[in-house]
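As the structure lists them, so they are numbered: ligands from 1, and atoms in each ligand from 1. Since we're looking at a predicted model, the values are computed, not measured.
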Amino acid sequence: MKKLDSGRTLYYGKGDVMTYRTYAAPLSVGAIEESPFAGNENVIFAHNIKFSVSGETLLASFTEGDNGQVVATDSMKNFILRQSASYEGSTTEGLLAYIGEKFFEKYEHISAIDIEAFRIPFGQVLVRGEHGYENSKLVYRPSHNERAHAKLELIREANGASATSLHSGVSDLQLIKVSGSSFYGFIRDEYTTLPESYDRPLFIFLNINWTYIDHSDALSGESYVAAEQIRDIAHHVFHEYETPSIQYLIYRIGLRILTRFPRLSEVFFESNNRTWETVVEPAGIAQAGVYTEPRPPYGFQGFTVTREDLEEAGIG
Ligand SMILES: O=c1[nH]c(=O)c2[nH]c(=O)[nH]c2[nH]1
C-alpha cells in the first residue's frame, strides 16, 4: 500500500489487464523429489495484471482536479500490453519487474508502483503422434485449477527501481483427501456440537505465498521456485501425513517447502476448511459413504512458517 511522505495513502491504477503473450522464453527449474515439474515451454504466457502508481505529484489530481500529471489508466493498460511483447524472460515475477522498471523510465514523476498478476493457466492436450500420444504444441485449453500469483512493490530510488516487497504464490489450490484425516481433542463445552472425528474426508482450499531471501532469485533461472513445485509439495505432504487438523497440515507443508528451497525466507498460508458434510457414514475405512457440500459458514486459518521453525523442528 503506497503512502505519500505525509502518511496519506494515494494510488490509482488498472485491474484485470488480460495479457495473453505467446512464445515467451521457456522456463527451466531445478528438480525436487516431490515434483516432476522441470519447467514450462511458455507457449502461452498469460496473466491477469493489476497495476497502480503513487507519487507526490499526483496529489493535485485528487485535491484540485488537475489531470496534468495523470497517466490515464487506459494508457497504463496499453503500456502493460505493449511492454509484455518485449519481455525476454520466463517468469511472472520477471515480467512484473520489467513492466515496473519500464514505467519508471517513461514517467519520471511516478515514485511508487504496485504490480501484481495471476497467471492464467493453459494446459496441453494430448494428440496421437508417431510415437503414441504426445502433447500438442499448437492446441491448449484453459485450466480452472490453481494458478500462480506474484505481487511486487517498487519505489523509485536515485539509481533506479528498488523492490520493497515481492511475494510469489499459488492461489486456489483445492484438495480433498478421502481418508487419513482426523479432528478431535478440541475444547468441549456448552457451545460444542461438532462430534470428534477420527477419519474425515478433508477438503481444503489453500493459498500459499512465499518470499525469497534475495529478490533477484525470483526473476529467472535455476534459483526460481515454480508454483507447480509448491503445489506438488502440498500434494505429497497431504498424502503422507495423518493430519489431526488443517493447522498442523499447513505447518508441515511449510517445513517441507523451506527444506526443499533454502533460497526462501518464509511461507505464508491461508487455508479454508471445505470438508464435506457426511450424509451416509461409511462402515469403515475405504467403504462407501455419501457426502454433500458443507453448510456455511466456513473455517479458515492463516499461518507463517519461517526458517527459524525449521531449526526448531530440527530440520534446518
Ligand atoms: O482442521 C480443523 N481445524 C479447526 O480448527 C477446526 N474447527 C472445526 O470446527 N473443524 C476444524 N478442522
Side-chain angles (χ1 to χ4, degrees), residues 34-35 144-149 167-211 227-261 264 266-316:
E34 289 86 356
S35 180
H144 301 288
N145 289 318
E146 72 286 335
R147 61 230 160 99
H149 172 254
H167 294 279
S168 304
V170 59
S171 297
D172 300 330
L173 185 57
Q174 301 189 5
L175 299 171
I176 165 80
K177 184 172 181 180
V178 292
S179 181
S181 308
S182 58
F183 186 62
Y184 60 85
F186 48 88
I187 293 172
R188 297 210 77 83
D189 59 18
E190 66 272 37
Y191 297 108
T192 313
T193 53
L194 185 74
E196 299 203 315
S197 173
Y198 295 89
D199 193 43
R200 59 176 178 170
L202 182 56
F203 200 157
I204 54 168
F205 290 5
L206 265 184
N207 293 339
I208 310 176
N209 293 286
W210 54 96
T211 50
E228 290 84 350
Q229 295 176 301
I230 299 288
R231 172 202 64 197
D232 291 346
I233 289 176
H235 292 172
H236 273 77
V237 174
F238 201 12
H239 175 84
E240 288 167 18
Y241 279 89
E242 296 262 336
T243 44
S245 67
I246 299 172
Q247 285 90 327
Y248 186 69
L249 171 66
I250 58 182
Y251 169 68
R252 296 302 325 187
I253 297 172
L255 291 181
R256 185 71 64 86
I257 291 170
L258 293 177
T259 304
R260 283 296 167 263
F261 296 113
L264 300 185
E266 62 180 44
V267 190
F268 174 67
F269 292 85
E270 291 170 305
S271 49
N272 277 195
N273 186 353
R274 302 286 175 159
T275 294
W276 292 335
E277 186 180 313
T278 304
V279 179
V280 180
E281 186 85 42
I285 302 290
Q287 300 287 312
V290 177
Y291 308 88
T292 191
E293 280 296 312
R295 276 173 277 194
Y298 65 90
F300 59 86
Q301 295 80 19
F303 194 56
T304 302
V305 185
T306 65
R307 301 214 74 83
E308 275 176 21
D309 289 316
L310 209 57
E311 276 169 34
E312 275 169 29
I315 306 173

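- Close contacts of ligand 1 with N273, meaning ligand atoms under 4.0 Å from a residue heavy atom, involve 10 (N), 11 (C), 12 (N).
- Atoms of ligand 1 lying under 4.0 Å from at least one heavy atom of I246, given by number and element, are 1 (O), 2 (C).
- Put simply, the side chain of R188 gets close to the backbone of L194: a donor and an acceptor are under 3.5 Å apart.
- When the side chain to side chain donor-acceptor pair (under 3.5 Å) test is applied to E146, the partners found at least two apart in sequence or on another chain are R231.
- A 4.5 Å side-chain heavy-atom check between F268 and H167 finds every atom pair outside the cut-off.
- For the residue pair S271 / Q301, a side-chain donor-acceptor distance below 3.5 Å is found, with atom types taken as modelled.
- Summary of contacts: the protein heavy atom closest to atom 2 (C) of ligand 1 is R200 NH2, 3.5 Å.
- The closest protein non-hydrogen atom to atom 9 (O) of ligand 1 is L194 CD2, 3.4 Å.
- At a heavy-atom cutoff of 4.0 Å, ligand 1 is contacted by no atom of T275, backbone or side chain.
- Short contacts between ligand 1 and S245, defined as distances under 4.0 Å to a heavy atom of the residue, involve ligand atoms 1 (O).
- With rounding to the nearest 0.5 Å, the separation of CG in N207 from CD1 in I250 is 11.0 Å.
- Listed for the T278 side chain is no donor-acceptor partner under 3.5 Å among the backbone atoms of E281.
- Looking from atom 6 (C) of ligand 1 to the surrounding protein, the closest heavy atom is F183 CZ, 3.2 Å.
- Residue contact check: Q247 has heavy atoms under 4.0 Å from atoms 1 (O), 2 (C), 3 (N), 4 (C), 5 (O) of ligand 1.
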